[in-house]
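Below, read A as the first sequence line, B as the second, and so on, with proteins coming before strands; counting in each chain starts at 1. These figures come from a predicted structure and were not determined experimentally.
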Amino acid sequence: MTEWQRKTPLEWLTYVNKEIEVLAAEKQNYKGWVLTVDPVSANILLANPLENGKVSVSGILGHAVQEVKILSEASDAMKEKLAHLFMPGESQTYSQ
Amino acid sequence: RFQALGPASLSSESTADLEQEQQSRVTLRERYLRSLSAMAGRPVRFTMYERVKVTALFGASDIDILNFQVSELQTPLGIQREALLRCSDIIAYSFEL
């Protein structure tokens, strides 16, 4: 089990709403805003707003995570956006 | 087969700490499960080990996130109508919302 997988839910929670950079297996690099970390698989879910109003969502598998670096903290507006991304009936709001 | 991560932190702690830990577990897990249901039926790009990249329509995941069920999996050998991807073979996945 990797260091990332051994963290506690409270520790993972501190990454939510932060902009992070993840170094994953085979030198794959990912950057984005943390939506959540699945407490079962340690998968990291990142959001990246696109220019067309859509949001690109990436999941990095917990077993493949090697290094996580926090870059910045989300503004209140961004936090709001992240919190409502998967709530039923609200995702359309952001594609307008 | 099902085992939540981070069980070590649950031993010898006060009820308040336990509650706090369970509460954060719930918050994190609910968001993740909602993301899976938002992903259902959408084209998802998977980055696998050995630099393999494939696209498929996401169907479902099992509860412990060990397998993803997908349809129309585009492989270098053609399209596989239904397939199970082992999560241990995947590095990352992405989709648009």
Seminar exercise, completed: Rounded to the nearest 0.5 Å, the OG1 atom of B/T27 sits from the CH2 atom of A/W12 at a distance of 13.5 Å

For this session: Report the distance from atom CG of A/D38 to atom CD1 of B/I65, rounding to the nearest 0.5 Å.
Result: 5.0 Å

Problem set entry | Residues in ring-ring contact (aromatic ring centres under 6.0 Å, His included) contact with B/F95, at least two apart in sequence or another chain |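 Checked B/F95 against ring-ring contact (aromatic ring centres under 6.0 Å, His included); zero matches.
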
For this session: Check ring-ring contact (aromatic ring centres under 6.0 Å, His included) between B/Y49 and all other residues, then give those that pass, not counting sequence neighbours.
Result: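 Scan of B/Y49 (ring-ring contact (aromatic ring centres under 6.0 Å, His included), adjacent residues dropped) gives none.
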
Pick one of side chain, backbone, both or neither for [X], based on which atoms fall under 4.5 Å of a heavy atom in chain B.
X: A/L45; result: side chain
X: A/L50; result: side chain
X: A/A83; result: both

With a 4.5 angstrom heavy-atom cut-off, which part of [X] approaches chain A: side chain, backbone, both or neither?
X: B/R45; answer: neither
X: B/Q23; answer: neither
X: B/S37; answer: neither

Do [X] and [Y] belong together in a cluster built from hydrophobic side chains that touch within less than 4.5 Å?
X: A/I70; Y: A/L23; result: no
X: A/L71; Y: A/L13; result: no
X: B/L97; Y: B/L33; result: yes

For this session: Kindly give the heavy-atom pair with the smallest separation between B/Y32 and A/N43, and that separation in Å.
Result: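 Nearest pair, atom of B/Y32 first, then A/N43: OH-ND2, 3.0 Å.
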
For this session: Provide the closest heavy-atom pair for A/V16 versus B/L28 in the form atom of the first, atom of the second, distance.
Result: CG2-CD2, 3.7 Å

Problem set entry | Residue selection (most heavy-atom pairs with chain B, distance under 4.5 Å) from A/I44, A/V37, A/N48, A/L46 |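 Top count of heavy-atom pairs under 4.5 Å with chain B: A/V37.
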
Problem set entry | Top contributor to chain B interface from A/A64, A/A47, A/G59, A/S56 [non-hydrogen pairs under 4.5 Å] |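 Ranked by heavy-atom pairs under 4.5 Å with chain B, first place is A/G59.
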
For this session: Mind ranking B/R31, B/E30, B/R51 by heavy-atom pairs under 4.5 Å with chain A and telling me who comes out on top?
Result: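 Most pairs with chain A among the choices: B/R31.
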
Exercise. Between B/E96 and A/V55, is any pair of side-chain heavy atoms under 4.5 Å apart?
Worked result: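 Counting from C-beta outward, B/E96 and A/V55 never come under 4.5 Å.
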
Exercise. Is the number of heavy atoms from other residues, nucleotides or ligands within 6.0 Å of CD (A/E67) greater than 12?
Worked result: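 No, not enclosed.
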
Exercise. Applying side-chain hydrogen bond (donor to acceptor under 3.5 Å, both in side chains), which residue pairs with at least one partner in residues 21-32 of chain A are found, sequence neighbours left out?
Worked result: none

Problem set entry | Residues in residues 77-93 of chain B near chain A [non-hydrogen atoms, under 4.5 Å] | B/C87, B/S88, B/I90, B/I91, B/A92, B/Y93

